[in-house]
Amino acid sequence: MIRAFVCVARRDLALALRRKSDVANTLVFFVIVTSLFPLGVGPERSLLHAMAPGILWVAALLASMLSLARIFEPDFADGTLEQLALGVEPLSVLVIGKIGAHWLLTGLPLTLISPILALQFDLQPLAILALCGGLLAGTAALSLIGAVGAALTLGLRGGGVLAALLVLPLYIPVLIFGAGAVGAVESGLGAQPHLLLLGAFFLTSLASAPWATATAIRIALD
Amino acid sequence: MIRAFVCVARRDLALALRRKSDVANTLVFFVIVTSLFPLGVGPERSLLHAMAPGILWVAALLASMLSLARIFEPDFADGTLEQLALGVEPLSVLVIGKIGAHWLLTGLPLTLISPILALQFDLQPLAILALCGGLLAGTAALSLIGAVGAALTLGLRGGGVLAALLVLPLYIPVLIFGAGAVGAVESGLGAQPHLLLLGAFFLTSLASAPWATATAIRIALD
Amino acid sequence: MLEAVSLGCVRGERRLFSNTGFSVAKGQLLRITGANGSGKTSLLRILCGLLTPSDGKVLWNTRPIGEQREDYHRALTYVGHLNGLKDDMTPHENLAVASTLAGCPAGRSARRDALAGFGLAHCADLPVRHLSQGQRRRVALARLALQNPSGIWILDEPFTALDAEAVANLSRIIAAHAAAGGIVIFTTHMEVTIAAANIVLVNLGQQADRA
Amino acid sequence: MLEAVSLGCVRGERRLFSNTGFSVAKGQLLRITGANGSGKTSLLRILCGLLTPSDGKVLWNTRPIGEQREDYHRALTYVGHLNGLKDDMTPHENLAVASTLAGCPAGRSARRDALAGFGLAHCADLPVRHLSQGQRRRVALARLALQNPSGIWILDEPFTALDAEAVANLSRIIAAHAAAGGIVIFTTHMEVTIAAANIVLVNLGQQADRA
Amino acid sequence: MTTRDSDTYYSGNASPSAAKHRIHWFHYASPQTFYPLAGRLIPWFAALAVLLGAAGMYVGFLVAPTDAQQGDAYRIIFLHVPAAWMSMFLYVVMAFWAGVGLVFNTRLSAMLATAIAPTGAMFTFLALWTGSLWGKPTWGTWWVWDARLTSELILLFLYFGFMALQAAIDDPRRADRAGAVLALVGVINVPIIYFSVIWWNTLHQGASISMKSAPTMAMTMLLGMLLMALCFWMYSIATILARVRCILLERERHTDWCMTELRGTP
Amino acid sequence: MKPRHKRFALIGAGLATLAVAAGLVLAAFQKNLVFFFTPTQIANKEAPQGRSFRIGGLVEGGSVKRQQDGVTVRFIVTDTAKSVPVEFRGSLPDLFREGRGVVAQGKLGADGTFRADEVLAKHDEKYMPPEAKAAVDQAQKAAKTVIQ
Ligand code: HEM
Ligand SMILES: Nc1ncnc2c1ncn2[C@@H]1O[C@H](COP(=O)(O)OP(=O)(O)OP(=O)(O)O)[C@@H](O)[C@H]1O
Ligand SMILES: Nc1ncnc2c1ncn2[C@@H]1O[C@H](COP(=O)(O)OP(=O)(O)OP(=O)(O)O)[C@@H](O)[C@H]1O
Ligand SMILES: [Mg+2]
Ligand SMILES: [Mg+2]
């Protein structure tokens, strides 16, 4: 079981690294979104500072959401998804492998690069720490929830939008607590409660999302 | 020539309306991005007001960029693009048809919906007018420029990011003038010069982008 | 032994077939024939457990396949219309992943032999996106050489895009598999001669025009 | 008359063929043979003008095709490995678009006849995504019935996925086109008998292993 | 517009006879003759670059007087202005050769364009870097979003895009042609950079040197700047030629002349 | 239409489009599209109200006054026709001198004082040694040019 799990995760990582796009795509998107804002909003320091948590978190959320839209689609189109479904191990385990790879390729780099982008906005060191911690748990939760949406809408005609509509209500709490953590530190309060809630959110989705995703994939292949 | 042009545009419109996603996708994205910000940033009025032009324009730019990434890809994958290239009419004319359809499906709805979203931010009526006018010409220019990027990266490994990297330098002026127009009105000046420049930008891309796109498509099919 | 018990299938508004039953024992070949659109692919996917039939059931060793999915999948190899290959990976890597998922990871040399058996030695390390139509099909089929020798092969038009030599080669491989006690279920529109003792035919008839 | 003058083609690091020349006159059939990966598809794409050859040129009525693209495309119909169909549109709509782009818009009844000719009457209004493999191929081929009668047809493996009846039907259509003064250039791995007077063969040889 | 791309599409190296007719014009455009010629020229240009650079530095840092407004900080001008000039000039040259490659399907000109891009990007970066270094003491800020600065930054992105696009495409012929399209589309940025200080009132100063009027600059300062500009020019030629030679060898390694060339220099 | 004619039509249309674009650009430059506003424009109410913008001009000779707190500076920006008082808290760039160019970002107060967040120095395109500069200054004493 572990072997199949590792195999799937490694396959996705290898594919992404080979295409480069998938890794870079999200990162570039994240960097672009955060850097376009100063261009659009104008160079006023205080304004940018106040906007920082919102901009960073919205950008991270969008980056994660957009990259998720196509997590199963290529496999569906070229027939490898049906091969996964015909594999010996439970599909939900393989799905965790795929989601894990996705997170390693998007959530993690995003978290790692965020301190640099935060510098643009003059955030204090503690706030940056809260940002990273929040993103670590938050992006993982986003990947898990997003995968359910992506699987549900696989092969459906209205694909992309529907997934967004299904997934967004669940994304919003992540956004609010995530941006809240940064804001709390900036205004001199502790970020702990926010971060704990994010952690709980992550664990809950870890327990339920893979099963839901696997079921949705079987339905899509039918 | 006109007939083939209309045929291609109608085909793309019909396909998009049939899938619905393509229209709704961009709109939903636009709405989400602009509405998430108040959530992420907090409800401070003056802050939101000052950010408004930037947020609206960045969101429009991203929506347009993301939907463009796949303007030629499906046609490339299912072989209809090579049929277009083997058509009797110049490819550049057919390309204008495709871009036109794309604009009707993204730029136009985006422009039409923007006044409603602008209300969130307390913009004055004149500023909203400048926003719409700017978006009208600006999104058209974005569609044209973006098509070049999409065609250049068709079937490449790093596709998506690369397209963004190629296209963004040319997007930046649109963003600056677009957001500038709204800002100018807000601060009591006329938006006219900004809008005129956006118009010029649009016309210049109209004259050059279809040719570049057609050439890029032929190169990609090679 | 694989049994289909009074299977029926409805796609969209159309009933493709109903009350179709057969059984295939070890060492037997089953060829499904029928015009375009008569439901062959649908039937094969039902046999794999990918599609739920509207009536009837599929039994393997007398138990429904849904109740023993893991064991059934260990015995099964399905090559469909789609090749199930990743364009960005080489044939070698594709085979490595496929064999691991099928529960019997193959070493590098085993994979090399499998590819060579399908005449792909010289392009085993090119990304699949650069291969010709027929070469891709061959990579998909090379999985057959890696799976357990008494398994069930379900092949949907395996001969498409193959040149004459490769067709002959594949026929030989199919015959050998059956001779070794395996089961092969396949469809094809081509006239192929397979030197096997025991071929069962199931005809799904003309294009399904019935309501 | 279509002429290929000392064509050569290099893909990646490999030279697929070189110094290949032939000419096809009106009423002639040209069949290109060769193993998988020998470069048949590449040659056909060069003849269409989609691929630039590394050497040589293609002449139509003694002028390079690049200098008269519009006229050449008006005469040309290409059916490649890919069907060139939109999954979300019906066969009818697909044909309408294809014929308009080819410069000879077909009316509804002409399209209906073309589809019926390929046995698709009953699924002419289903979206293509619901069709079987063979039915899709038929839709792609139905374009042939709408184009001008003395044109050039370039067909890449047109017989794949077709059932026996459809294969016979297509062979008939090809023969008739040649008899009416058209040119047909095609590849196939199947043994097909086409009742035409004048078939030229070009062999691209074995899998291109040369450097 | 169709004739244009049709030429490139079908003819070009497909017609050996045409190459024979052009041979007088394009003698040095053939890789075999160009390769050794470039090899012979490189040392000369490199030497010139070193000499001019030394002279320029000497004039700029030891001879030229202090500026009345800025004191000694202004001396960064001897790097900034030549680098900025070269960044724009090289882009135009690159687009020109890329366009020639696209239209006439000549291999060498496309390779020239590929070879120019990194040098151009380097000078663009140098202009941006020295500019913002200079901006801190004079203007009081590293960076402002004024038209000159923004458009120069866009130029850097265009160079990057050109290089990234070419790197992403395996097939060199396709890479050349795709790059050419991008380079041509980006040319419009160059006049914008140049005229931005006239069209908008920017924080960046206007032109000190123009065709129409006498330079508003002391003669020795001007001399230092011109020497440095010439030095950069020679340096560019030398590096570009060297890079073209590498690209030539890489792409034509299967041809006879490359084989002999490679065997000759073990 | 013959292919040749079609091609000419397309090229013609492209050129016409470019011409209109050029017209729009020229029209745009008739209007003010600026990095900063001059005191004259501010006097004519052409500058933004209640919003952050940039003001540019010369620092009027003898107008720079440092306040008691040591960080606040007041000076007057002029374009020789009109002038605007500016107040700024923070460190000034090295090149900030009386009689030289300056660009300041900030808001115009109700009292007509410009409250700056950032002050940048702007210089012209003239480079010359101090002696030459003195000579030129002598010659052009009266006609001080307005920076562009
Ligand atoms: C990052 C910031 C800067 C950028 C991107 C930049 C860019 C450029 C460019 C592209 C040019 C060439 C245009 C032309 O030839 O007209 C140029 C010229 C020049 N720049 Fe800058 N610049 C920057 C900062 C500065 C600063 C801070 C100064 C001086 C205080 C300065 C002084 C000059 C001068 C004197 C010229 C020559 C103008 C001429 O004679 O044509 N630049 N700069
Ligand atoms: N979702 C659907 N809605 C309506 N009809 C459908 C749907 N899915 C499949 N069909 C119909 O079911 C049939 C599909 O059959 P299938 O793909 O199994 O054919 P096949 O026998 O494999 O044909 P071929 O020889 O062409 O591969 C077709 O007639 C198709 O039109
Ligand atoms: N970009 C590329 N890089 C390397 N090799 C390539 C590339 N594109 C194609 N090839 C090689 O060129 C050949 C493609 O030939 P082509 O597709 O024309 O074959 P074919 O004769 O049509 O084969 P089939 O009968 O399988 O359809 C293959 O051997 C393939 O590996
Ligand atoms: Mg089938
Ligand atoms: Mg082929």
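Numbers restart at 1 for each chain; the letters A, B, ... are given by sequence-line order, proteins then strands. Just so we're clear, the structure is a prediction, and the values are computed from it rather than from any experiment.
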Carboxylate-amine/guanidinium contact [X] [Y], below 4.0 Å:
X      : Y      : value
A/E82  : C/R45  : yes
C/K86  : A/D78  : yes
A/K98  : A/D75  : yes
C/R138 : C/D163 : yes

Is C/R136 in contact with chain A via its backbone, its side chain, both, or neither, using a 4.5 Å heavy-atom distance?
neither
Side chain from CB out, backbone as N, CA, C, O: work out which of these in C/L50 comes under 4.5 Å of a heavy atom of chain A, or both, or neither.
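The answer is both parts of C/L50.
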Among C/H73, C/M89, C/E93, residue most engaged with chain A (heavy-atom pairs, under 4.5 Å)
C/H73
At a heavy-atom separation under 4.5 Å, does A/L94 approach chain C through its side chain, its backbone, both, or neither?
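Just the side chain, heavy atoms under 4.5 Å.
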Would you say the side-chain atoms of A/E89 pair up with the backbone N or O of C/L101, donor to acceptor, closer than 3.5 Å?
no
Does A/L142 offer a backbone N or O that forms a donor-acceptor pair with the side chain of A/Y171 under 3.5 Å?
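Looks like yes, one N/O pair under 3.5 Å.
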Quick check: under 4.5 Å, non-hydrogen atoms only, which of residues 102-115 of chain C neighbour chain A?
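So the qualifying residues are C/A102, C/G103, C/P105.
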Check: C/H81/C/E157 side-chain N/O donor and acceptor closer than 3.5 Å:
no
Using 30° and 60° as the class limits, which term best fits the ring planes of C/F159 and C/F186: parallel, tilted or perpendicular?
perpendicular
